Amino acid sequence: MFSLIARPTATLLRSLSTSSQHNAKVAVLGASGGIGQPLSLLLKNSPLVSELSLYDIAHTPGVAADLSHIETRATVTGYMGADQLGAALKGCDVVVIPAGVPRKPGMTRDDLFNTNATIVATLADACARHCPQAMICIISNPVNSTIPITSEVMKKHGVYNPNSVFGVTTLDIVRANAFVSELKGLDPARVNVPVVGGHAGKTIIPLISQCTPKVEFPTNQLSALTGRIQEAGTEVVKAKAGAGSATLSMAYAGARFTFSLLDAMNGKEGVVECAFVRSEETECKYFSTPLLLGKNGIEKNLGLGKLSAFEEKLVAEAMDELKGSIKKGEDFVANMK
């Protein structure tokens with residue numbers, strides 16, 4: 001269904017090398033963290049970004065000073081502490097939020113809820129006050145709950161736009177592309193696997209049947225591949241042995257999504273990325289599917305496309321967990337004082 005759509009990876013490579021000039025102010029909230037620093041580095045390298053606004057509760061002046069010495073045109077300003085959050089967000093076109101605590105071995109993404117829910121709600125509130133028109137890209141886990149939280153906070157301020165709030169699930173696509181390429185001996189830059197559903201465990205649903213180029217796997221290998229994509233985050237958490245979660249690959253994926261969004265906002269046509277958004281495509285209020293991006297965010301939800309029987313079963317099995325995570329996020333905001 002999506003074979004005619006150019007791979008967004010080319011967007012990432014081009015944004016790091018092209019001489020085309022655009023003017024966008026991008027904020028990274030959580031810029032001093034394990035994802036925030038490499039993400040900010042990738043954004044600083046892009047000519048799509050003219051102003052880079054870095055916010056965190058500590059160390060941001062140092063990160064900003066360090067990045068400001070790089071010979072690219074984006075100006076970099078660091079903001080630290082709650083009293084500077086409003087200034088960090090003023091005039092932003094895109095806000096990317098990787099803030100929060102990472103997973104440790106034995107933790108699920110849902111175990112992060114209590115800490116990260118409060119952080120995301122606070123930052124979403126600031127976005128609603130200081131840059132209500134901005135595109136909001138949430139990386140902070142659990143995304144299946146933090147997107148409903150962000151949406152409900154924006155609603156409270158009367159500025160919610162479902163076309164401009166994105167849960168960044170791009171790392172699932174990046175991983176699927178890498179793993180399929182590895183198994184089939186393909187160039188990963190030419191592989192595109194849509195990944196739908198949510199961004200945790202069995203809610204991550206890779207649509208291998210829609211992969212371009214077309215690939216086929218025996219049933220047992222398909223099952224193992226799907227399981228690896230779903231648990232790839234845990235694979236990294238275990239490998240880092242308590243030293244964090246996926247930071248570098250997540251920074252790459254976050255940059256890829258941001259550059260695709262900026263390209264679309266600049267008028268480029270045919271830009272498609274999957275993201276966890278408000279949706280009418282399934283019985284879940286929020287669901288990740290391929291999205292055609294445009295100047296104002298989501299231009300069109302491209303839906304699930306034709307699923308294999310295996311994929312239909314995965315979607316059905318994900319529903320209860322996804323609905324529970326969404327409700328948990330909504331309830332959190334409803335009960336906020």
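Since the structure is predicted, the reported quantities are computational estimates derived from the model, not experimental observations. The basis for the numbers below is simple: all heavy atoms, side chains too, and nothing from hydrogens, waters or symmetry mates. Positions are given from 1, in the same order as the sequence printed here.
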Does Q84 CD have over 12 foreign heavy atoms under 6.0 Å away?
yes
So, S279 side chain and Y286 main chain: donor-acceptor pair closer than 3.5 Å or not?
no
So, does E299 use its side chain to make a donor-acceptor pair with the main chain of L292 at under 3.5 Å?
no
Can you list every pair that meets ring pair (Phe, Tyr, Trp, His ring centres under 6.0 Å) and has a residue in residues 92-124, with sequence neighbours left out?
F113-F332
Closest heavy-atom pair and its distance - M135, N163:
SD-O, 4.4 Å
Do Q210 and L307 come close enough that some side-chain heavy atom pair is under 4.5 Å?
yes
Can you give the donor-acceptor pairs under 3.5 Å from side chains of residues 50-57 to other protein atoms, not counting sequence neighbours?
| residue | atom | partner | partner atom | Å |
| --- | --- | --- | --- | --- |
| S50 | OG | A24 | N | 3.1 |
| S50 | OG | A24 | O | 3.2 |
| S53 | OG | A88 | O | 2.7 |
| Y55 | OH | G81 | O | 3.4 |
| Y55 | OH | A82 | N | 3.4 |
| D56 | OD2 | A31 | N | 3.3 |
| D56 | OD2 | S32 | N | 2.9 |

Can you check whether V26 reaches C92 side chain to side chain, under 4.5 Å on heavy atoms?
no
Side-chain contact, heavy-atom cut-off 4.5 Å: I70 with N45?
yes
Atom pair CD1/CG of I138 and L123 - distance to nearest 0.5 Å
8.0 Å
Answer yes if V101 and I139 sit in the same cluster of Ile, Leu, Val, Met, Phe, Trp and Tyr residues linked by side chain heavy atoms under 4.5 Å apart, and no otherwise.
no
So, does D93 use its side chain to make a donor-acceptor pair with the main chain of K25 at under 3.5 Å?
yes
Check this for me: K155, atom NZ, are more than 12 non-hydrogen atoms of other residues, nucleotides or ligands nearer than 6.0 Å?
yes
Check whether any side-chain N or O of D66 sits under 3.5 Å from a backbone N or O of G62 as a donor-acceptor pair, and report yes or no.
no
Please report the C-alpha distance between V272 and L302 in whole Å, then the side-chain angles of each, then the deciding distance to 0.1 Å, and finally whether the side chain to side chain contact (heavy atoms under 4.5 Å, CB included) criterion is met.
CA-CA 9 Å; V272 173; L302 300 178; 3.9 Å; yes
Is it true that E231 and T234 share a donor-acceptor pair across their side chains at a distance under 3.5 Å?
yes
Got a donor-acceptor contact below 3.5 angstrom from the S140 side chain to the V120 backbone?
no
How many angstroms lie between CD1 in I208 and CD in Q221, if you round to the nearest 0.5 Å?
10.5 Å
Result for side-chain contact (heavy atoms from CB on, under 4.5 Å) between F287 and one of I326, V277, V315 points to V315
Could you pull out the closest heavy-atom pair between N301 and G303, with the gap in Å?
OD1-N, 2.9 Å
Other residues, nucleotides, ligands: >12 heavy atoms within 6.0 Å of K90 NZ
no
Closest contact, heavy atoms only, C137 versus V168:
CB-CG2, 3.8 Å
Please report the shortest heavy-atom distance between A255 and L39, naming the atom on each side.
N-CD1, 3.5 Å
Please enumerate all residues that pass side-chain contact (heavy atoms from CB on, under 4.5 Å) together with V236, with sequence neighbours excluded.
R175, K240, A246
Same cluster (ILVMFWY, side-chain, under 4.5 Å), M80 and L89
no
Sidechain-backbone polar pair: S145 side chain, S325 backbone, donor-acceptor under 3.5 Å:
yes
For F257, what residues pass the ring-ring contact (aromatic ring centres under 6.0 Å, His included) criterion, not counting sequence neighbours?
F166
Ignoring hydrogens, what is the shortest heavy-atom contact between G197 and F276? Give both atom names and the distance.
O-CD1, 3.3 Å
Less than 4.5 Å apart, side chain to side chain, heavy atoms only: is that true for T122 and D125?
no
Look at atom NE2 of H130 and say whether more than 12 heavy atoms of other residues, nucleotides or ligands are closer to it than 6.0 Å.
yes
Is the shortest heavy-atom distance from the side chain of E281 to the side chain of V196 under 4.5 Å?
no
Verify same cluster id: L112, M336 (apolar side-chain graph, 4.5 Å)
no
Interatomic distance, OG@S249 vs CZ@R256, rounded to 0.5 Å, equals 12.5 Å
Using atom types as modelled and distance alone, determine if a side-chain donor or acceptor of E311 lies under 3.5 Å from a backbone N or O of S308.
yes
Taking salt bridge (Lys or Arg N to Asp or Glu O under 4.0 Å) as the definition, give me every residue that meets it alongside E182, ordered by chain and number, with sequence neighbours left out.
R228
Find out if a path of hydrophobic residues (ILVMFWY) with successive side-chain heavy-atom gaps under 4.5 Å connects V195 to L314.
yes
Tell me which one of L291, V165, N161 satisfies side-chain contact (heavy atoms from CB on, under 4.5 Å) with I298.
L291
Greater than 12 external heavy atoms within 6.0 Å of E280's CD
no
Report the distance from atom CD of E152 to atom CD of E330, rounding to the nearest 0.5 Å.
5.0 Å
Quick one: are V28 and V95 in side-chain contact, heavy atoms under 4.5 Å?
no
K285 NZ: over 12 foreign heavy atoms closer than 6.0 Å
no
Under 4.5 Å between any side-chain heavy atoms of T289 and C274, yes or no?
no
For L322, is there any backbone N or O sitting under 3.5 Å from a side-chain donor or acceptor partner on K327?
no
Please report the interatomic distance OG(S181) to CZ(R190), rounded to the nearest 0.5 Å.
11.5 Å
Tell me the closest heavy-atom pair linking G34 and T247, and the distance in Å.
O-CB, 3.2 Å
Pair T203-E321, side-chain donor/acceptor within less than 3.5 Å:
no
Between L67 and S40, is a side chain to side chain contact (heavy atoms under 4.5 Å, CB included) present by the stated rule, with each step listed?
CA-CA 8 Å; L67 288 176; S40 298; 3.5 Å; yes
Checking the side chain of T108 only, and the main-chain atoms of D111 only, is there a donor and an acceptor separated by less than 3.5 Å?
yes
Cluster check L248, V237: I/L/V/M/F/W/Y, side chain < 4.5 angstrom:
no
Do T226 side-chain atoms and L222 backbone N/O form a donor-acceptor pair below 3.5 Å?
yes
d(I205 CD1, Q230 CD) to nearest 0.5 Å is 7.5 Å
Walk me through it: do L43 and T258 pass the test side chain to side chain contact (heavy atoms under 4.5 Å, CB included)?
CA-CA 8 Å; L43 294 173; T258 305; 3.9 Å; yes
Does K238 have any salt bridge (Lys or Arg N to Asp or Glu O under 4.0 Å) partners at least two apart in sequence or in another chain, and if so, which?
none
